[in-house]
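Notes follow once the structure below has been shown.
Whatever order the structure lists ligands and atoms in, that order sets their numbers, starting from 1. Everything quoted here is computed from the prediction, not taken from an experiment.
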Amino acid sequence: MKNIMFIAAPAAGKGTQAELVVQKYGIPHISTGDILREISKEDSEIGNYVAETLSSGKLVKDEITYQLIEDRLKKDDCKNGYIIDGFPRNIDQAYEYDRILEKLGYEVGNVIYINVDKNTLEKRITGRRICEDCNTIYNINDKNSSPQVESICDNCGGKLYQRSDDNLESFQTRYNTYEEKTAPIIEHYKKQGVLKEIDGNDSVENIFKKIDEIIRD
Ligand code: AMP
């Protein structure tokens, strides 16, 4: 299948939708945010730098993301398609991604822009909870996405946690960063003729239906 990229503001549901794509199509989900959260747990200079940057809501240095993306895309499981979420995050990263794709002989595939209003994002950000074992995402502000037992994952029984950057203060920084740095990449992919826009102010199921219509051909 074609590769898939999601572009969307923070808390627009990229991770949730990516997991649904993984369940249906079995392709790997590559999230720079998830990879960086793992690095942030390391007790090292880079681990501390990444942890501080993530909590502040700013972007980590481009060079750190280039190496980890290239190394990940080289793995065999990416050969039959993958979904990339959280990269590229600015125009320099978009040009670097073009170079990495060319080097590996891959196509950019379907670039899906999930458009969500800022008010909806603010509501989602404070309610998001994640399983520390299997990364399933819940939202306690939405009864359709809440866990059955408070703070416990329905899938594996793991404990749920709240991301250190899921508060309104970090959200404001992340949203401003998105508008200033990430939104311009939409034009980059429009020019390449690969951009598909969908309305993300909808239920998880309906958004997935719209994504599935794009990716299943
Ligand atoms: P996410 O899980 O996609 O919301 O990403 C969480 C945080 O990880 C972001 O706020 C950034 O600090 C960092 N991050 C994720 N992807 C990138 C990237 N491509 N470039 C720089 N920083 C990133």
Side-chain angles (χ1 to χ4, degrees), residues 3-22 28-42 46-73 82-101 108 111-116 118 120-132 134-139 160-186 188-189 200:
N3 295 327
I4 302 162
M5 182 199 292
F6 283 157
I7 304 177
K14 296 189 295 287
T16 303
Q17 294 299 329
E19 285 313 313
L20 294 173
V21 173
V22 170
H29 171 204
I30 298 161
S31 153
T32 39
D34 285 351
I35 300 172
L36 289 166
R37 273 184 287 282
E38 281 305 309
I39 297 176
S40 75
K41 292 180 193 158
E42 288 169 15
I46 176 144
N48 295 338
Y49 161 74
V50 170
E52 273 173 34
T53 312
L54 260 61
S55 299
S56 76
K58 296 191 182 133
L59 296 182
V60 305
K61 292 190 193 99
D62 288 345
E63 292 68 32
I64 294 179
T65 64
Y66 295 162
Q67 199 54 50
L68 60 89
I69 279 293
E70 188 170 339
D71 289 348
R72 182 64 189 85
L73 295 183
Y82 57 82
I83 172 159
I84 192 159
D85 138 31
F87 185 91
R89 208 77 165 215
N90 60 37
I91 200 73
D92 286 343
Q93 293 186 9
Y95 283 115
E96 180 65 18
Y97 186 52
D98 289 344
R99 279 188 285 274
I100 294 173
L101 290 173
V108 68
V111 177
I112 302 177
Y113 165 42
I114 310 173
N115 192 352
V116 182
K118 193 175 174 202
T120 311
L121 298 172
E122 281 178 355
K123 267 186 232 135
R124 289 189 190 164
I125 206 105
T126 51
R128 176 156 61 185
R129 299 291 184 275
I130 304 169
C131 174
E132 63 182 15
C134 72
N135 286 329
T136 300
I137 303 167
Y138 296 88
N139 199 306
L160 305 187
Y161 75 97
Q162 183 169 27
R163 278 170 47 168
S164 67
D165 56 352
D166 275 354
N167 56 71
L168 288 178
E169 199 189 335
S170 276
F171 170 74
Q172 198 52 55
T173 309
R174 288 159 67 201
Y175 189 78
N176 293 345
T177 307
Y178 168 76
E179 289 226 294
E180 186 192 330
K181 306 237 162 87
T182 309
I185 72 174
I186 292 170
H188 180 80
Y189 292 109

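- One finds no salt bridge joining Lys181 and Asp92 here, because no Lys/Arg side-chain nitrogen approaches an Asp/Glu carboxylate oxygen to under 4.0 Å.
- The atoms of ligand 1 that sit less than 4.0 Å from any heavy atom of Gln93 are 18 (C), 19 (N), 20 (N), 21 (C).
- In this view, Tyr138 satisfies the ring pair (Phe, Tyr, Trp, His ring centres under 6.0 Å) rule with no residue, not counting sequence neighbours.
- In Leu36, the part holding a heavy atom less than 4.0 Å from any atom of ligand 1 is the side chain.
- Near Thr32, meaning under 4.0 Å from any of its heavy atoms, are these atoms of ligand 1: 15 (C), 16 (N), 17 (C), 19 (N).
- Around atom 9 (C) of ligand 1, the closest heavy atom drawn from Arg163, Arg174, Arg89 belongs to Arg89.
- Taking a 4.0 Å cut-off on heavy atoms, Arg37 registers as neighbouring ligand 1.
- A salt bridge (charged side-chain N to carboxylate O under 4.0 Å, His left out) with Asp166 is found for one member of Arg174, Lys123, Arg129 and no other, namely Arg174.
- Regarding atom 7 (C) of ligand 1, its nearest protein heavy-atom neighbour is Leu54 CG, 3.9 Å.
- The backbone N or O of Cys131 lies less than 3.5 Å from no partner atom in the side chain of Thr136, so there is not a single donor-acceptor pair.
- By the criterion of a heavy-atom distance under 4.0 Å, both the backbone and the side chain of Leu59 are placed next to ligand 1.
- Per-residue contacts place Lys58 under 4.0 angstrom from the following atoms of ligand 1 (heavy atoms of the residue considered): 11 (C), 12 (O).
- Using a 4.0 Å cut-off to heavy atoms of Val60, the atoms of ligand 1 that qualify are 21 (C), 22 (N).
- Annotation: side-chain hydrogen bond (donor to acceptor under 3.5 Å, both in side chains) contacts of Glu70 (sequence neighbours excluded): Lys103.
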- Trace of the side chain to side chain contact (heavy atoms under 4.5 Å, CB included) decision for Ile35 with Ile30: CA-CA 8 Å; Ile35 300 172; Ile30 298 161; 4.3 Å; yes
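- Checking side-chain atoms of Ser55 against main-chain N and O of Glu52 turns up no donor-acceptor pair under 3.5 Å.
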